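Report on the following structure.
Remember, predicted model here, so these are calculated numbers, not experimental data. In the text below, chain A, chain B and the rest are named by the order of the sequence lines, each starting its count at 1.
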Protein chains: 4
Amino acid sequence: MTGHAAPGRKRSDAARRAILDATFRLLEQEGFDRLSIEGVASLAGVGKTTIYRWWPGKGVLAVEAFLDAVAPAIAFPSTASARADLLSQMRLLAEIYRGPTGRFVREMIGAGQSDPDMREAFIEGFLAPRREAAREVFRRGQANGEFRPGLDPDVAIDSVYGAIYYRLLVSSGSIDDGFVEELGKTALNGIALH
Amino acid sequence: MTGHAAPGRKRSDAARRAILDATFRLLEQEGFDRLSIEGVASLAGVGKTTIYRWWPGKGVLAVEAFLDAVAPAIAFPSTASARADLLSQMRLLAEIYRGPTGRFVREMIGAGQSDPDMREAFIEGFLAPRREAAREVFRRGQANGEFRPGLDPDVAIDSVYGAIYYRLLVSSGSIDDGFVEELGKTALNGIALH
Amino acid sequence: MTGHAAPGRKRSDAARRAILDATFRLLEQEGFDRLSIEGVASLAGVGKTTIYRWWPGKGVLAVEAFLDAVAPAIAFPSTASARADLLSQMRLLAEIYRGPTGRFVREMIGAGQSDPDMREAFIEGFLAPRREAAREVFRRGQANGEFRPGLDPDVAIDSVYGAIYYRLLVSSGSIDDGFVEELGKTALNGIALH
Amino acid sequence: MTGHAAPGRKRSDAARRAILDATFRLLEQEGFDRLSIEGVASLAGVGKTTIYRWWPGKGVLAVEAFLDAVAPAIAFPSTASARADLLSQMRLLAEIYRGPTGRFVREMIGAGQSDPDMREAFIEGFLAPRREAAREVFRRGQANGEFRPGLDPDVAIDSVYGAIYYRLLVSSGSIDDGFVEELGKTALNGIALH
DNA sequence: GACTAAGCGAGACGGTACGTCTTGTCTTCAC
DNA sequence: GTGAAGACAAGACGTACCGTCTCGCTTAGTC
């Protein structure tokens with residue numbers, strides 16, 4: 001036990017809320033690149049110090065605002081067939097990434113390349129849980145004999161989801177239903193003929 | 001035809017060289033994020049105007065400096081077996097991305113998410129040629145019966161290379177030899193038992 | 001009498017002491033300009049509120065800390081001759097102002113120009129008593145026939161001490177013994193030949 | 001000869017004017033203490049950098065704006081009698097210091113106590129020329145036998161003008177005509193009966 | 001040989017945002 | 001009710017770059 005209660009004024013939840021809301025609004029309207037701490041403070045009616053007190057920079061702040069506003073949703077269904085579950089996860093992800101969330105994810109992975117804290121926060125808060133759900137499906141598929149037993153789950157997941165993120169970030173190809181079906185066939189059945 | 005030669009002083013190749021060299025030096029030492037036109041101009045002993053005259057911004061400038069300094073190398077071998085060629089391409093890419101080039105590629109794909117010109121320049125100048133080489137191998141594999149005939153080459157390539165870029169950009173997993181071998185098996189043979 | 005004893009906790013003398021001591025330490029080390037309530041609170045181990053509860057601002061606080069630490073000393077001697085007493089007051093003041101106290105006085109008169117409370121506090125606490133002592137000597141000199149009877153004491157004092165403060169605040173000339181002797185001659189005997 | 005003309009864009013006189021004018025306006029309306037570089041930049045429609053490029057800080061800037069706006073005026077008359085000239089200088093100074101200029105001078109001497117550059121600039125630009133004029137009168141007075149020959153001019157001037165500045169800065173006494181006349185008598189004829 | 005472009009270095013300019021500092025107020029808990 | 005702790009809104013600090021705009025100076029054709 002630490003024993004003593006912390007002295008001093010409590011953190012203001014109103015300020016926290018105002019900051020996250022303002023951040024998300026600006027993220028939506030201007031994009032991450034044009035987001036500024038100054039802008040957030042001004043829109044939230046908050047001192048800059050208050051932001052710097054609780055967040056290390058605009059990267060992590062943006063991630064938290066995004067998670068706060070968007071993440072709650074998005075849960076994966078689970079049925080008897082691992083193969084079907086995997087495909088339905090892929091379809092859901094593709095659908096989401098075609099919408100506004102896709103832009104946020106692009107921007108956050110992008111900006112994360114030069115902001116380790118942000119990268120960490122985004123992986124931890126957004127990608128890791130989804131990856132864990134996928135890994136779960138994959139393990140189930142191996143257990144019930146649907147998937148090859150010898151494969152490394154992480155590599156298999158990279159192969160399936162990597163393709164989606166690659167399209168999102170790099171390739172100009174769209175992430176439409178056709179692509180997802182095709183990817184399902186390719187990844188599940190393999191490229192080599194025999 | 002315009003017919004007439006343009007009047008006025010010719011573009012200085014010395015300035016061009018100095019700018020590209022300075023840009024690459026700063027890119028190496030400071031990273032893309034901390035790169036600034038001001039810094040390049042100062043290090044190159046060049047006016048800022050000269051940079052803005054020929055490049056639209058630091059994004060495209062960095063891409064050109066990178067291509068100028070690094071890209072010339074990196075060519076893929078070609079043998080009788082498409083499968084072997086694909087694996088050797090993957091191994092080569094993995095090796096390169098483990099080294100300093102990996103950081104440049106990460107930074108450029110990252111920054112490209114909020115700079116369309118840069119994204120375009122990087123894809124055009126760096127990724128597209130490599131993708132074309134991979135597509136070539138894939139088509140050969142389909143032609144000589146090594147690879148499944150029905151597959152969309154682009155999707156197949158996304159599945160293989162997407163996994164590598166996913167590791168580079170997002171996952172904390174390293175892109176070591178074991179990963180590449182495993183990825184080869186997974187992607188070529190498929191995930192589903194059949 | 002209000003009858004009732006004041007309720008609540010008594011003012012902490014320890015806090016008062018810690019605040020005045022910390023203020024004076026910072027005044028010595030950093031100068032008035034760089035003094036901050038924040039710094040005082042931190043060095044004294046005291047909440048800012050406690051300072052604001054008892055002092056209107058850093059100006060008055062600094063004056064009180066200065067008076068608390070320095071003022072007790074400095075008393076003027078008194079002999080039979082008003083002329084001698086006046087000169088000895090001038091010499092004493094000059095000596096003090098050549099030392100560290102000179103800097104405090106400079107800073108306080110300076111800062112007082114944009115802080116009326118501080119100005120008031122410094123005059124009341126430091127300058128007025130000394131001026132009164134001088135006025136006393138002057139009156140004695142008029143009474144015993146050493147000084148001209150018609151003169152306004154305040155103007156006479158301004159003429160003598162004003163010169164010293166002028167040197168302190170404005171002129172780059174030093175306030176050395178030679179200056180004081182010369183000033184004595186000039187002020188006492190006058191500038192005009194007859 | 002340096003030979004080469006300075007390269008680069010010339011300093012903008014429009015910006016210089018706008019800055020000085022804005023500074024003086026704010027100085028008048030808000031006082032030196034509440035003057036801020038930010039405020040000047042905003043009112044002048046100028047980047048902060050432009051101010052920092054040419055002035056070391058708000059102190060020196062304020063002095064220059066003051067000199068630019070106010071100083072041109074104020075010249076001393078010169079007649080046959082040094083005594084009369086001295087008195088007329090004193091009266092003129094007193095009159096000016098009773099007006100708005102008095103506040104500027106108070107603030108500048110005050111702030112100069114913690115800003116050496118500003119102090120230097122104000123003495124150099126404002127006080128020194130006036131002191132030189134006074135010294136000139138005094139020397140003339142000594143030369144033509146009006147004033148005591150043995151006196152140090154600087155000390156004599158300190159004694160006369162010091163009293164005025166002392167009233168301005170410290171004493172609450174007003175600098176009215178009565179005071180000036182009285183000061184004239186006291187300083188010129190001396191305090192001691194003799 | 002003069003004229004007319006355009007390129008070039010230098011660097012001033014109006015801005016935006018940075019991350020820090022301090023102000024004076026408010027809130028909480030301990031005494 | 002006092003006091004230590006510390007959060008809060010506000011706003012200025014001085015710095016770094018942005019992208020644009022003069023400058024005066026080289027080049028190169030074109031007349």
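Picking from E/dC8, F/dA4, E/dT25 the nucleotide with the shortest atom distance to the side chain of C/Thr50 gives F/dA4. When each of F/dG3, F/dC18, E/dC8 is scored by its nearest atom to the side-chain atoms of B/Trp54, the top-ranked nucleotide is E/dC8. Of the candidates F/dT26, F/dC17, F/dG3, F/dC17 carries the atom nearest the D/Thr49 side chain, counting heavy atoms from C-beta on. Distances from the side chain of C/Ile37 to the nucleotides E/dC8, E/dG15, E/dT23 place E/dT23 closest. Side-chain proximity of D/Pro7 to the nucleotides E/dC8, F/dC17, E/dG9 is greatest for E/dG9.
In this structure, C/Arg34 atom CZ and F/dC13 atom P are separated by 16 Å, rounded to whole Å. D/Asp33 has its CG atom 14 Å from the C1' atom of F/dG11, to the nearest Å. E/dA17 atom C1' lies 13 Å from atom CD1 of A/Ile51, rounded to whole Å. Distance A/Leu61 CG to E/dC18 C1': 15 Å, rounded to the nearest Å. Between the CZ atom of C/Arg17 and the P atom of F/dT2 there is a distance of 20 Å, rounded to whole Å. Taking atom CG of residue D/Asp13 and atom P of nucleotide F/dC23, one finds them 12 Å apart after rounding to whole Å. Rounded to whole Å, atom P of E/dT22 lies 11 Å from atom CG of C/Leu26. For A/Glu38 and E/dA17, the CD to P distance is 7 Å, given to the nearest whole Å.
For the OP1/OP2 pair of F/dG19 and a distance below 4.0 Å, the side-chain nitrogens and oxygens of B/Trp55 include no atom meeting the criterion. A close approach under 4.0 Å does occur between a side-chain nitrogen or oxygen of B/Arg9 and OP1 or OP2 of F/dT27.
Residues D/Val170 and C/Ile123 approach most closely at O-CD1, 2.9 Å, considering heavy atoms. Summarising the geometry of C/Leu20 relative to C/Ala65, their closest heavy-atom pair is O-CB, 3.6 Å, with the distance given to 0.1 Å.
At a cut-off of 3.5 angstrom, the base of E/dG11 holds no donor-acceptor pair with the side chain of D/Lys10.
Residue order along DNA chain F, read from the 5' end via each residue's closest nucleotide, puts A/Lys48 first among B/Leu35 and A/Lys48. Mapping D/Arg16 and A/Ser36 onto DNA chain E by nearest heavy atom places D/Arg16 closer to the 5' end of the strand. Nearest-nucleotide mapping onto DNA chain F: of A/Arg53 and C/Ile19, the residue sitting toward the 5' end is C/Ile19. Residue-to-nucleotide proximity on DNA chain E shows that, of A/Tyr52 and B/Gly47, the 5′-proximal contact is made by B/Gly47.
We find that A/Lys58 and A/Asp117 are not joined by a salt bridge, their nearest charged nitrogen and carboxylate oxygen being 4.0 Å or further apart.
Counting heavy atoms from C-beta on, the side chains of D/Arg106 and D/Phe32 never come closer than 4.5 Å.
Cation-pi geometry between A/Arg16 and A/Trp54 is not met: the NZ or CZ atom fails to fall both under 6.0 Å from the ring centre and inside 45° of the normal.
Expressed to the nearest 0.5 Å, how far OH of D/Tyr52 lies from CG of D/Leu61 amounts to 10.0 Å.
D/Gly45 comes within contact range of the sugar-phosphate backbone alone, with a heavy-atom separation under 4.0 Å but no base atom that close.
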